[in-house]
Amino acid sequence: MKWPAGAGSSAEVRPVDRHPDDLRPDDLRPLPYRLRWRPEGIFPGAHPGRGEGSEGEFRRHVSLLRQPDPRRIDLRVSLRDPHGELHVRQFAPRRSVPVATLVDLSGSMRFGEAVAGRVADLCALLALSAVRSGDNFVLFGCDEGVNEAASLPLSRRRGLEEEVRQCLIGAQPRGTGAAGLFEAAGRLPGRRSLVFLVSDFLMPMAEIQRLLDALWRHDVIPVVVRDGALEEGLPHWGLIELGDLETGAARLVFMRPGLRARWLRAARERQEALAALFSRRGLRPVDLKDALDTDALAQRLMEG
């Protein structure tokens with residue numbers, strides 16, 4: 001059995017509860033999501049957009065002089081106007097947005113086979129939800145660079161969710177650092193997008209800040225991948241082998257209550273520091289611990 005070497009690295013502990021081949025696409029149900037901004041552009045979609053138009057979501061009535069479009073005259077409202085002014089219906093256009101998922105595939109993400117399990121489930125669900133909403137979806141798998149074999153270009157074709165799942169089931173997390181996430185940030189669409197940043201965030205805080213700076217243009221939802229084995233599964237006594245999945249270094253440690261308490265305290269302090277970093281930037285993360293909770297995810301997405 002292997003355990004992580006510390007708060008900054010992870011190692012394999014146990015197999016996932018289910019084999020990746022047993023994942024069933026039919027179990028997926030698309031989730032609605034709400035944006036915190038009004039998208040621009042010309043592509044029609046499901047989200048209330050910026051500007052004014054003659055189609056989309058009804059906004060208000062305005063004078064014909066303000067919006068000279070006789071096709072939208074509302075006779076009922078116009079006849080009730082005591083000044084005899086003609087009124088037209090004004091609409092808020094509905095637009096689509098790009099939805100992107102940046103998945104950390106560095107070595108630490110091998111822990112507990114998270115990528116082939118709950119991360120693949122999450123990304124497949126996001127792809128399905130985007131396509132059903134009329135949005136395009138793009139996947140970037142990122143290790144020391146963008147892993148093209150674990151990435152998919154912008155698309156909204158049917159069956160995309162299964163392609164996303166298979167890409168991640170076949171991915172092999174490796175290497176160190178977050179260079180691939182920075183590269184993917186530069187390859188995102190130029191217009192504002194909804195970006196899910198999926199990682200265990202076991203990297204220096206300064207590097208996380210630089211990554212968020214690189215994503216400043218977009219609406220970012222961090223997805224923090226965690227494993228309960230690091231919190232509830234540590235033994236109080238015994239010899240355990242610590243293995244760093246990113247560097248390959250390993251050593252034998254005698255675990256005891258005092259060391260266990262310090263270990264858990266360090267992990268808790270890091271989680272608090274990460275939460276504070278997100279809070280300062282107005283970001284509300286999704287906690288992906290052990291299994292995908294679709295109810296909690298749905299609630300978070302509808303909060304915008």
Side-chain angles (χ1 to χ4, degrees), residues 28-62 66-67 69 71-72 88-103 122-140 142 146 151-161 163-164 181-198 211-223 278-286 294 296-304:
L28 293 180
R29 295 293 181 270
L31 301 179
Y33 49 94
R34 181 177 298 167
L35 303 180
R36 296 187 294 175
W37 82 98
R38 290 184 177 270
E40 299 177 331
I42 60 174
F43 300 103
H47 312 287
R50 280 191 175 185
E52 302 169 350
S54 58
E55 47 81 24
E57 182 181 26
F58 175 76
R59 178 177 290 173
R60 60 186 175 221
H61 289 95
V62 297
R66 178 175 174 179
Q67 183 174 322
D69 186 355
R71 296 172 302 173
R72 305 300 170 187
V88 298
R89 300 182 185 91
Q90 188 180 78
F91 298 85
R94 302 187 77 84
R95 297 289 179 248
S96 65
V97 298
V99 178
T101 301
L102 278 57
V103 179
L122 169 71
C123 294
L125 179 57
L126 294 176
L128 176 64
S129 302
V131 170
R132 294 290 178 88
S133 295
D135 295 330
N136 286 295
F137 180 87
V138 59
L139 170 70
F140 289 105
C142 310
V146 172
S151 303
L152 290 171
L154 204 64
S155 174
R156 57 179 178 184
R157 60 182 175 273
R158 292 180 62 87
L160 182 63
E161 66 277 6
E163 296 180 50
V164 168
L181 294 173
F182 285 94
E183 181 182 342
R187 291 172 54 175
L188 289 172
R191 63 193 183 108
R192 191 174 189 184
S193 308
L194 179 61
V195 176
F196 293 85
L197 180 58
V198 185
L211 179 57
L212 295 177
D213 288 341
L215 295 169
W216 67 271
R217 183 192 305 273
H218 307 287
D219 187 4
V220 179
I221 298 180
V223 179
F278 291 148
S279 179
R280 287 194 299 271
R281 293 173 175 264
L283 304 178
R284 290 173 295 161
V286 172
T294 55
L297 178 62
Q299 181 177 351
R300 169 63 184 86
L301 294 181
M302 286 306 296
E303 291 172 355

Nearest heavy-atom contact between P189 and H218 is O-CE1, 3.2 Å
For residues A185 and L215, report the shortest heavy-atom separation together with the two atoms involved. CB-CD2, 3.6 Å
From R132 CZ over to R29 CZ, what is the distance, rounded to the nearest 0.5 angstrom? 8.5 Å
The reported gap from CG in L160 to CG in L126 (rounded to nearest 0.5 angstrom) is 11.0 Å
Please tell me if the side chains of P39 and R192 come closer than 4.5 Å, counting only heavy atoms from C-beta onward. no
Among all residues two or more places apart in sequence or in another chain, which pass the side chain to side chain contact (heavy atoms under 4.5 Å, CB included) test with E183? V146, R187
Between CG on residue L128 and CZ on residue R158, distance to nearest 0.5 Å: 9.5 Å
I'd like to check L197 versus L212 (side-chain heavy atoms, cut-off strictly below 4.5 Å). Are they in contact? yes
Side-chain contact, heavy-atom cut-off 4.5 Å: R300 with R284? yes
L122 and V198 have their tightest heavy-atom pair at CD2-CG2, 4.2 Å
Identify the two heavy atoms, one from A130 and one from F137, that lie closest to each other, and give their separation to 0.1 Å. CB-CB, 4.1 Å
Rounded at 0.5 Å granularity, tell me how far CG in L301 sits from CD1 in I221. 5.5 Å
Tell me every residue that passes salt bridge (Lys or Arg N to Asp or Glu O under 4.0 Å) with R281, counting only those two or more places apart in sequence or in another chain. D213
Is the shortest side-chain heavy-atom distance between V99 and Y33 below 4.5 Å? yes
Where R157 and S155 come nearest, the two heavy atoms and their spacing: NH1-OG, 2.8 Å
To the nearest 0.5 Å, how far apart are CG in D69 and CZ in R89? 11.0 Å
Do L181 and F140 make a side-chain contact, defined as non-hydrogen atoms from C-beta onward lying under 4.5 Å apart? no
Candidate list H47, R156, R95, test side-chain hydrogen bond (donor to acceptor under 3.5 Å, both in side chains), partner D135, passing option: H47
Roughly how far, to the nearest 0.5 Å, is CG of L35 from CG of L194? 6.5 Å
Quick check: do T101 and V164 have side-chain heavy atoms less than 4.5 Å from each other? no
Exercise: identify the closest heavy-atom pair between E161 and A124: CB-O, 3.2 Å
Counting neighbours of CZ on R34 that are heavy atoms of other residues, nucleotides or ligands and sit closer than 6.0 Å, is the number greater than 12? no
